[in-house]
**Q** 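Before I ask anything, let me first share the structure, which is written out below as C-alpha cells.
Below, all heavy atoms of this structure are taken into account, side chains as well, without hydrogens, waters or symmetry copies. Quick caveat: nothing in here was measured; it's all calculated off a predicted structure.
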Amino acid sequence: MRVGPKRMRLGPIASTEVACANLPKRQDRWLMNLFGADPRWRLKRSLLVLRAGQRVLRLRTDSG
C-alpha cells in the first residue's frame, strides 16, 4: 500500500470463500471494490473519509 497526498494505492486484494452468509459476502465485495479503486482519502480531526466513485467509507475515532 502507498498513501500519497490524496490517494491510497493498494496492491492486489484477495479474499477467501469461507461459506459466508450473503450479508458478509456483500460487505466483503463492497470493501474490495472500494480499495481496489485506489480511493481518495481525506482526514479531518477524528474523521477519515475514503471515497471511490459512489462508494464512501467514513471512519471516526472514539472520542470518549
Side-chain angles (χ1 to χ4, degrees):
M1 178 173 89
R2 291 185 330 205
V3 178
K6 292 190 184 234
R7 198 120 181 151
M8 291 176 65
R9 303 232 184 250
L10 290 99
I13 299 172
S15 176
T16 59
E17 292 290 330
V18 194
C20 291
N22 287 335
L23 181 59
K25 187 184 294 184
R26 284 194 310 264
Q27 291 170 341
D28 189 42
R29 195 173 300 127
W30 190 93
L31 286 168
M32 287 179 66
N33 287 331
L34 172 75
F35 290 119
D38 298 326
R40 295 191 177 280
W41 66 273
R42 180 173 44 99
L43 178 62
K44 187 172 183 180
R45 296 186 187 165
S46 63
L47 178 66
L48 172 64
V49 177
L50 302 175
R51 180 183 307 270
Q54 298 296 315
R55 289 181 170 82
V56 180
L57 179 63
R58 292 175 179 85
L59 302 167
R60 185 178 304 276
T61 59
D62 184 9
S63 60

**Q** Enumerate the residue pairs fulfilling salt bridge (Lys or Arg N to Asp or Glu O under 4.0 Å) with a member in residues 2-14, sequence neighbours excluded, ordered by first and then second residue.
**A** R9-D38
**Q** What is the minimum heavy-atom distance between R51 and L34, and which atoms define it?
**A** C-CD1, 4.4 Å
**Q** Should L57 and L47 be regarded as members of a common hydrophobic cluster, given that ILVMFWY residues are connected when their side-chain heavy atoms come within less than 4.5 Å of each other, either directly or indirectly?
**A** no
**Q** In terms of hydrophobic clusters joined by side-chain contacts under 4.5 Å, are V49 and L31 together?
**A** no
**Q** What are the two closest non-hydrogen atoms of V56 and W30, and how far apart are they?
**A** O-CH2, 3.5 Å
**Q** Is there a continuous path of hydrophobic side-chain contacts, each under 4.5 Å between heavy atoms, that joins L10 to L43?
**A** yes
**Q** To the nearest 0.5 Å, what is the distance between CZ on R42 and CG on L48?
**A** 9.5 Å
**Q** Is there a continuous path of hydrophobic side-chain contacts, each under 4.5 Å between heavy atoms, that joins M32 to F35?
**A** yes
